2 protein chains.
Amino acid sequence: MIISEKIIHRLILYKKLLKNLQNENVKNIFSHKLASLASRSPAQVRRDLMVVGYDGSTVSGYHVDELLKSIELFLYEPEGQKVALVGLGNLGRAILDYCYGRHPNITISASFDKDPNKVNRVIHGCRVYHIDDLEKTTRQLKIEVAIIAIPTENAQSIADRLINSGVRSLINYSPTRLYLPLDVYVENRDMMMAVEKAAYFARTLKDELK
Amino acid sequence: MIISEKIIHRLILYKKLLKNLQNENVKNIFSHKLASLASRSPAQVRRDLMVVGYDGSTVSGYHVDELLKSIELFLYEPEGQKVALVGLGNLGRAILDYCYGRHPNITISASFDKDPNKVNRVIHGCRVYHIDDLEKTTRQLKIEVAIIAIPTENAQSIADRLINSGVRSLINYSPTRLYLPLDVYVENRDMMMAVEKAAYFARTLKDELK
DNA sequence: ACATGTGAAAGTTTTCACAGCG
DNA sequence: CGCTGTGAAAACTTTCACATGT
């Protein structure tokens with residue numbers, strides 16, 4: 001079966017919400033409750049959970065720990081996955097901070113910058129390499145996911161170099177649109193585009209429901 | 001007519017691409033060319049452009065300047081819209097940098113932080129206010145769009161305060177999920193969730209086409 | 001009773017395919 | 001011709017509604 005990006009996105013959200021519930025010592029949850037936490041319909045939650053193959057009980061709903069385990073099993077490589085971060089300006093630093101300690105299996109293991117003052121430092125367990133070592137390090141660490149956090153221009157050439165070094169998935173925070181092979185996953189996160197969209201809906205969403 | 005988020009997103013993308021073309025002095029463009037720049041199908045581009053009500057010519061395609069003008073007319077409030085930024089850590093600074101000078105009509109006009117060393121400074125034309133002045137300043141400047149760039153916990157209470165001060169649209173970079181009235185637009189941009197999604201597709205997108 | 005899992009229906013988005021035109 | 005604009009079809013996503021289980 002081929003599973004859509006939307007479903008994956010929601011599974012990751014359910015996982016996050018379930019983790020919160022676990023911390024609050026909630027043991028079981030019904031689809032309608034999880035749905036309301038995720039701002040979705042109960043039917044959608046149930047259908048999404050079909051893909052991970054964990055069955056709830058009709059009497060007590062889903063067992064939080066078990067469901068969490070099933071979703072994680074479905075989503076993640078058990079041996080862990082390494083992520084590279086290109087660009088250690090304000091944005092790169094923020095990404096390191098926001099992601100640090102959030103996931104046991106997925107870690108930002110290398111970052112790259114051209115500033116010699118940053119190279120060789122270690123931030124949140126992530127070593128900073130010179131950008132010239134991008135190919136070598138990426139291959140050595142078997143990195144498959146990369147985050148581009150440089151302001152512009154050479155984003156495309158950085159992306160090409162990453163893909164040539166074995167990276168299969170990119171998150172692009174630069175304002176440059178990237179053109180890459182079709183079997184590479186790219187998520188574009190142009191910050192200005194997000195603001196423009198929000199501005200449009202601030203104008204038009206005044207009365208109608210979403 | 002009610003226009004979907006997806007179409008708006010693509011229109012903003014077309015606009016950006018057309019701006020690039022304009023800078024390269026390209027005068028006209030066919031739907032198939034714009035489509036390939038946007039990684040979409042020509043039919044989709046033509047259908048999207050229907051909503052802005054600008055008709056291309058069958059002989060030379062779309063006139064870049066005219067089409068750009070039509071899209072902008074469709075998307076933006078002519079008097080301009082003001083954006084608030086809450087949180088001036090690394091992420092907030094990065095957002096200011098990435099958005100500065102990118103849009104004539106939409107500007108980040110106020111930012112908020114609790115650090116007294118930051119308050120009253122002006123960065124890229126954006127004045128920093130103390131977080132206690134959030135309500136007053138937001139109302140005074142008639143701000144309708146806000147960006148939440150604080151790491152966690154009180155994101156919900158900041159969001160509530162923003163909505164109570166007239167904000168209609170939010171971009172949430174915090175890892176906290178926000179619960180707000182249905183007539184408020186929220187875009188959640190949890191950075192870790194993006195990485196997790198990318199990691200999943202790095203594993204599964206190895207051979208199949210997207 | 002009440003919640004799950006799911007076939008079928010409804011709704012939404014994308015693509016096809018072609019009339020019409022310079 | 002080779003393009004646009006668009007009705008109609010196809011593909012995809014969400015919701016409905018109910019059989020089933022406890």
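Worth knowing before you read on, the calculation uses all heavy atoms, side chains too, and leaves out hydrogens, waters and symmetry mates. Keep in mind that what you see is a predicted model, and the values were worked out from it rather than measured. Chain letters run A, B, ... following the sequence lines, proteins first and then strands; every chain starts at 1.
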With respect to the phosphate group of [N], does any side-chain polar atom (N or O) of [X] fall under 4.0 Å of OP1 or OP2?
X: Arg46(B); N: dA17(C); answer: no
X: Ser41(B); N: dT14(C); answer: no
X: Tyr62(A); N: dG5(C); answer: yes
X: Ser31(B); N: dT4(D); answer: yes

Just call it for [X]: base, sugar-phosphate, or nothing, with non-hydrogen atoms closer than 4.0 Å on any strand.
X: Ser57(A); value: sugar-phosphate
X: Arg47(B); value: base
X: Ser4(B); value: sugar-phosphate

Handout entry: Contact nearer the 5' end of DNA chain D, comparing Ala43(B) with Val59(A)
Key =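 Closest to the 5' end, via its nearest nucleotide, is Ala43(B).
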Practice task
Using a strict cut-off of less than 4.0 Å between a Lys/Arg side-chain nitrogen and an Asp/Glu carboxylate oxygen, indicate whether Arg203(A) and Glu77(B) qualify as a salt bridge.
Solution key: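 Looking at Glu77(B) together with Arg203(A), the answer is yes, because their closest N to O distance falls below 4.0 Å.
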Nearest-Å distance, [atom1] ([X]) to [atom2] ([N])?
X: Asp48(A); N: dT14(D); atom1: CG; atom2: P; answer: 8 Å
X: Ile7(A); N: dT14(D); atom1: CD1; atom2: P; answer: 7 Å
X: Leu49(B); N: dG5(D); atom1: CG; atom2: C1'; answer: 11 Å
X: His63(A); N: dA3(C); atom1: NE2; atom2: P; answer: 18 Å
X: Leu34(B); N: dT4(D); atom1: CG; atom2: P; answer: 10 Å
X: Ile2(B); N: dG11(C); atom1: CD1; atom2: C1'; answer: 13 Å
X: Lys6(A); N: dA11(D); atom1: NZ; atom2: P; answer: 18 Å
X: Gln44(B); N: dA17(C); atom1: CD; atom2: C1'; answer: 17 Å

Which nucleotide in [options] has an atom nearest any side-chain atom of [X]:
X: His32(A); options: dC3(D), dT14(C), dA3(C); answer: dA3(C)
X: Thr58(A); options: dG2(D), dT22(D), dT14(D); answer: dT22(D)
X: Met50(A); options: dA3(C), dT6(C), dT14(D); answer: dT6(C)

Handout entry: Any Phe30(A) side-chain heavy atom under 4.5 Å of Pro42(A) side chain
Key =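 No, every pair of side-chain atoms sits at 4.5 Å or beyond.
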Handout entry: 4.5 Å side-chain heavy-atom contact, Gln81(A) and Ile143(A)
Key =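 No, every pair of side-chain atoms sits at 4.5 Å or beyond.
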Exercise for the section: Answer yes or no: does atom NZ of Lys142(B) have more than 12 heavy-atom neighbours from other residues, nucleotides or ligands under 6.0 Å? Expected result: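 Open.
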Exercise for the section: Would you verify whether the NZ or CZ of Arg127(A) falls within 45 degrees of the ring axis of Tyr129(A) while also being under 6.0 Å from that six-membered ring's centre? Expected result: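 Yes, Arg127(A) and Tyr129(A) form such a contact.
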